[in-house]
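Take this structure, written in structure tokens, and hold onto it; I'll ask about it next.
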Amino acid sequence: MVAYDCDVLVIGAGIVGLSTAYAITRAAPGTRVVVLEKEPGPARHQTGRNSGVIHSGIYYPPGSLKARFALQGSAEMVKFCLDHAIPHEVTGKLIVATDRAELPRLHGLIQRGREHGIPVRELGPTQIAAYEPEVSGLAAIHVGTTGIADFGAVARCLAALATDGGAHVVYGSEVTAIGRRAGRVAVRASAGGGRRGFGGARGAGGTRPAAPGAARGAGGPAHTAPDSIGTAPDWIGTAPDSIGTASGGAHTVAAGAHTAHEASSASSDAAVRGSSDTVVRASSDTVFRARVLINCAGLHCDRVARMAGDAPGMRIVPFRGEYYTLAPARASLVRGLVYPVPDPAFPFLGVHLTRGIDGSVHIGPNAVPALAREGYDWRTVRPADLAGTLAYPGSWHIARRHWRYGAGELRRSLSRRAFTEAVRRLLPAVREEDIRPAPAGVRAQAVLPDGTLADDFLITETPSIVHVLNAPSPAATASLPIGREIAARALAMLEGADG
């Protein structure tokens, strides 16, 4: 059994996990950082399957982590993309009311935007047409700071920057067990090759939400599992063949792993060309021992928390977001970004129109329960995932509370005609034959036992572990400040252990 030592171990190479690794290498050069990811590359789930929107932060209540990080992160993301030649554009967007009952909520968004200092402009029907001639609405607001970006390219760039700073990103590495002792965490990983497992993309839910500025180091009970990795009694001890303190892009790899430099063939990978991005692949059975563990496992984050002996107090209930795209000949119907007025009872923004960086127009998503945590279509069913969702009380509370809303979403999922009818509220000219199926995404939604959908980012701490337990949209937008926040908590744990 090969064993590696490091200071900080991050589970999950989505945009949040990679941003965290990058932030640690910048804040504390020489800190030994390893990122584990079960897929063969970064950003394979939530990060790489969203609508690519840089959100302004207008939706989120003042004082929330989402508001704080999205407001800061949107400007930072634009600068990051500029600095690293990543495709992006600040387009602005329209939020359109199509029914009189939506007008009070639209006016509430105007007030919230002004509270946040976001440039917003009120529009009537004629002014809407000046921005989007084919869009119909009673009133709208224009939000000037919204944009679009290739978040997959952002994640790849963060991986390269973190690696240049001395971190190791280990792909194809599926976490199978976690053990803890005072000041020490050990993670066993097997060569996953993209199999279903626990190294994943972005985070979700947790034990105790940490308010902004809350004291670090708090946490619930941690349960040691010294025998959870094989039969070796000293698996959590000190290994002579450690990863070491790589710096300046030099990477030392112990026996049982090999290196390969990623080729950057796509234009969106321009930001990582010429870097020393090294891909480390796990052996068939590898133990990573760390002083601090960071759980950014996205769709599997609650499982990782339980594997570590922590009670997350929530469960990930996966919701699939299904998209269509406009036929190329009809893409001129939409110039930019068009959103409906969101329903505050749900964390989903509703079906919207998004012209992406490649010029194609995405329509969606609707939101339906996924039958697997990585269930990107109705044919993908994983009995263990489905049984876990059905056995969770929170799932039934959601079903009872929101069955009408859910029935509408299900109808639109199963009927292209019904989906088109929903789109026509914003875009009357669209026809059923104008829309084509597009790749879906799955949202890692943290749900509390009473059926409450966790709306804010949720980051919790237990001894030697930081759990990122609810980080759906706008986490891609906010990934740079989120990464710094998580990094600061992990580094504080390291300092506390040294003190």
Side-chain angles (χ1 to χ4, degrees), residues 10 12-22 35-55 73-74 76-91 146-164 167 169-172 194 199-203 261-275 277-279 296-299 320-321 323 325 337 354-362 364-365 374 376 438-444 471-480 482-483:
V10 181
I15 199 168
V16 171
L18 292 170
S19 175
T20 299
Y22 169 56
V35 181
L36 299 183
E37 169 57 53
K38 73 180 176 68
E39 301 295 348
R44 297 301 173 93
H45 295 288
Q46 291 183 108
T47 301
R49 289 176 169 267
N50 61 33
S51 57
V53 174
I54 302 175
H55 290 282
S74 58
E76 286 190 38
M77 184 56 65
V78 171
K79 184 178 185 303
F80 185 89
C81 290
L82 279 170
D83 290 346
H84 298 283
I86 294 172
H88 73 288
E89 185 179 356
V90 180
T91 58
T146 304
I148 52 177
D150 183 345
F151 286 125
V154 171
R156 292 188 290 273
C157 183
L158 287 168
L161 292 170
T163 303
D164 288 344
V169 184
V170 187
Y171 296 114
R202 287 195 309 231
H261 290 274
E262 282 190 307
S264 304
S265 56
S267 60
S268 62
D269 286 341
V272 299
R273 288 194 182 117
S275 77
D277 185 18
T278 300
V279 179
C296 292
L299 288 160
R320 184 172 62 254
Y323 290 90
T325 188
L337 310 181
T354 307
R355 178 173 286 274
I357 56 173
D358 61 355
S360 63
V361 177
H362 272 67
E374 296 167 14
Y376 296 111
V442 176
R443 178 187 180 113
S473 179
T477 297
S479 55
L480 294 172
I482 291 175

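Just so we're clear, the structure is a prediction, and the values are computed from it rather than from any experiment.
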If you define the side chain from C-beta out and look only at heavy atoms, does anything of Met77 sit under 4.5 Å from Ile86?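 Met77 does not reach Ile86 side chain to side chain.
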Excluding sequence neighbours, so at least two apart, what forms salt bridge (charged side-chain N to carboxylate O under 4.0 Å, His left out) with Asp83?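 For Asp83, the residues satisfying salt bridge (charged side-chain N to carboxylate O under 4.0 Å, His left out) (neighbours in sequence not counted) are Lys79.
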Is there a side-chain contact between Leu158 and Leu480, using heavy atoms and a 4.5 Å cut-off?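 A side-chain contact under 4.5 Å exists here.
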Arg320 side, atom CZ; Tyr376 side, atom OH - distance, nearest 0.5 Å: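 Spacing of CZ (Arg320) from OH (Tyr376) equals 11.0 Å.
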Which atom pair, heavy atoms only, marks the closest approach of Val169 to Ala13?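 For Val169 and Ala13, the tightest heavy-atom pair comes out as CG1-CB, 4.5 Å.
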Heavy-atom check, side chain of Ser479 versus side chain of Phe151, under 4.5 Å: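 Not touching, per the 4.5 Å side-chain cut-off.
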Using a 3.5 Å distance criterion without hydrogens, assess whether the side chain of Thr146 forms a donor-acceptor pair with backbone atoms of His55.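 No, Thr146 side chain to His55 backbone: no donor-acceptor pair under 3.5 Å.
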Search all heavy atoms of Val16 against all heavy atoms of Ala475 and return the closest pair with its distance.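 The pair with the smallest heavy-atom distance is CG2-CB, 4.2 Å.
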Enter the distance from Gln46:CD to Ile15:CD1 here, rounded to the nearest 0.5 Å.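 One gets 11.5 Å once the value is rounded to the nearest 0.5 Å.
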Of all the heavy-atom pairs spanning Ala155 and Ala43, show the shortest one and how long it is.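 That closest heavy-atom pairing would be CB-CB, 3.7 Å.
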Check the pair Arg156 / Asp150 against side-chain contact (heavy atoms from CB on, under 4.5 Å), numbers first and verdict last. CA-CA 10 Å; Arg156 292 188 290 273; Asp150 183 345; 4.2 Å; yes
Taking the side chain as C-beta and beyond, is there a heavy-atom pair between Asn50 and Ser473 under 4.5 Å?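 A side-chain contact is absent here, since even the closest heavy-atom pair is not under 4.5 Å.
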At their closest point, which heavy atom of Thr20 faces which heavy atom of Cys296, and how far apart are they?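 Scanning both residues, the minimum pair turns out to be OG1-SG, 4.5 Å.
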Measuring from atom CZ of Arg44 to atom NZ of Lys38, what distance do you get when rounded to the nearest 0.5 angstrom?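 One finds 10.5 Å between CZ of Arg44 and NZ of Lys38.
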Counting C-beta onward and ignoring hydrogens, is there a side-chain heavy-atom pair between Arg355 and Thr91 closer than 4.5 Å?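 No; the side chains remain at least 4.5 Å from each other.
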Heavy-atom closest pair, residues Val78 and Ile54: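 In terms of heavy atoms, the two residues are closest at CG2-CD1, 4.1 Å.
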Quick one: does Phe80's side chain get under 4.5 Å of Leu161's, heavy atoms only?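 Yes, side chains in contact.
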Distance-minimising heavy-atom pair for Ser51 and Thr354: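 For Ser51 and Thr354, the tightest heavy-atom pair comes out as O-CG2, 3.8 Å.
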Glu374 vs Leu299, side-chain contact (heavy atoms from CB on, under 4.5 Å): CA-CA, chis, key distance, verdict: CA-CA 8 Å; Glu374 296 167 14; Leu299 288 160; 4.0 Å; yes
